[in-house]
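Numbering starts at 1 and runs along the sequence shown.
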Amino acid sequence: TRKADMKIIDDFESGIMHSGNSDKIKSIARKLISNLRDIFDKASYKISISITKTLSDPNIKAKQVFEIKSKAKESILAKLARYKEASHNEANRSNPKHYRGDER
């Protein structure tokens, strides 16, 4: 989302700089957009530091690893059950219990 936000800011800056505004307005806009970029960069840095600290906490890390493992395990178990059922159905189709032929 940060890249999308920066793209919006760049597009906005491009629109202002290529418009018929005076040089003074362009200068003010350039300063404001520069400050806005700095604010986004600082916020992004603070968020990444916060996430890094949170994920480096052993209790939180263990909890997250457990959740990921349990979801992955459920997913694998579900796939195995589907494959087992599919192979069972395929075996039943190839070896029918009731044969209807021309023998009547």
Side-chain angles (χ1 to χ4, degrees):
T1 58
R2 182 182 179 281
K3 288 181 181 180
D5 293 340
M6 294 307 285
K7 185 177 182 332
I8 291 170
I9 292 171
D10 290 339
D11 291 344
F12 184 71
E13 180 183 26
S14 171
I16 290 175
M17 295 306 146
H18 292 97
S19 66
N21 293 326
S22 69
D23 290 339
K24 186 172 184 172
I25 291 175
K26 289 180 182 180
S27 173
I28 292 170
R30 193 175 299 123
K31 287 178 186 177
L32 289 173
I33 291 172
S34 175
N35 289 340
L36 185 61
R37 281 192 182 119
D38 289 342
I39 290 169
F40 268 95
D41 287 339
K42 288 177 184 177
S44 174
Y45 178 75
K46 286 180 182 179
I47 290 170
S48 66
I49 293 293
S50 173
I51 290 171
T52 303
K53 284 182 181 179
T54 302
L55 292 178
S56 65
D57 181 15
N59 294 331
I60 294 173
K61 185 176 180 178
K63 180 182 174 189
Q64 296 299 326
V65 168
F66 176 75
E67 286 182 21
I68 291 169
K69 283 183 179 179
S70 66
K71 287 183 181 183
K73 188 175 184 179
E74 291 171 9
S75 172
I76 291 170
L77 291 175
K79 283 182 181 180
L80 288 173
R82 264 198 328 252
Y83 290 139
K84 184 177 180 181
E85 184 178 328
S87 67
H88 179 69
N89 289 340
E90 185 65 32
N92 285 341
R93 275 191 232 135
S94 64
N95 188 13
K97 293 179 182 177
H98 302 288
Y99 176 75
R100 289 188 169 182
D102 294 330
E103 307 170 325
R104 282 199 180 194

Completion exercise
Taken to the nearest 0.5 Å, the spacing of Ser48 OG from Lys46 NZ works out to 11.5 Å
Problem - Co-membership, hydrophobic cluster, residues Met17 and Leu36, 4.5 Å side-chain - result: yes
Practice task
List in chain and number order the residues that pass side chain to side chain contact (heavy atoms under 4.5 Å, CB included) with Ile28, two or more places apart in sequence or in another chain; answer none if no residue qualifies.
Solution key: Lys24, Leu32
Handout entry: side-chain hydrogen bond (donor to acceptor under 3.5 Å, both in side chains): pairs with one or both residues in residues 3-17, sequence neighbours excluded
Key = Lys7-Asp11, Asp10-Arg37, Glu13-Arg37, Ser14-His18
Practice task
For the pair Ser44 (side chain) and Asp41 (backbone), establish whether a donor and an acceptor sit closer than 3.5 Å, ignoring hydrogens and angles.
Solution key: no
Practice task
Report yes if the side chains of Lys26 and Ser22 come closer than 4.5 Å at any heavy-atom pair, otherwise no.
Solution key: no
Handout entry: Rounded distance [0.5 Å steps], CD in Gln64 versus CG in Asn59
Key = 11.5 Å
Handout entry: Check: Tyr83 main-chain N/O paired with Ser87 side-chain donor or acceptor under 3.5 Å
Key = yes
Problem - Single-linkage hydrophobic cluster Ile60~Ile47, side-chain heavy atoms < 4.5 angstrom - result: no
Handout entry: Met6 vs Ile9 side-chain heavy atoms within contact, under 4.5 Å
Key = yes
Completion exercise
Separation between NZ (Lys61) and OG1 (Thr54), nearest 0.5 Å, reads 13.5 Å
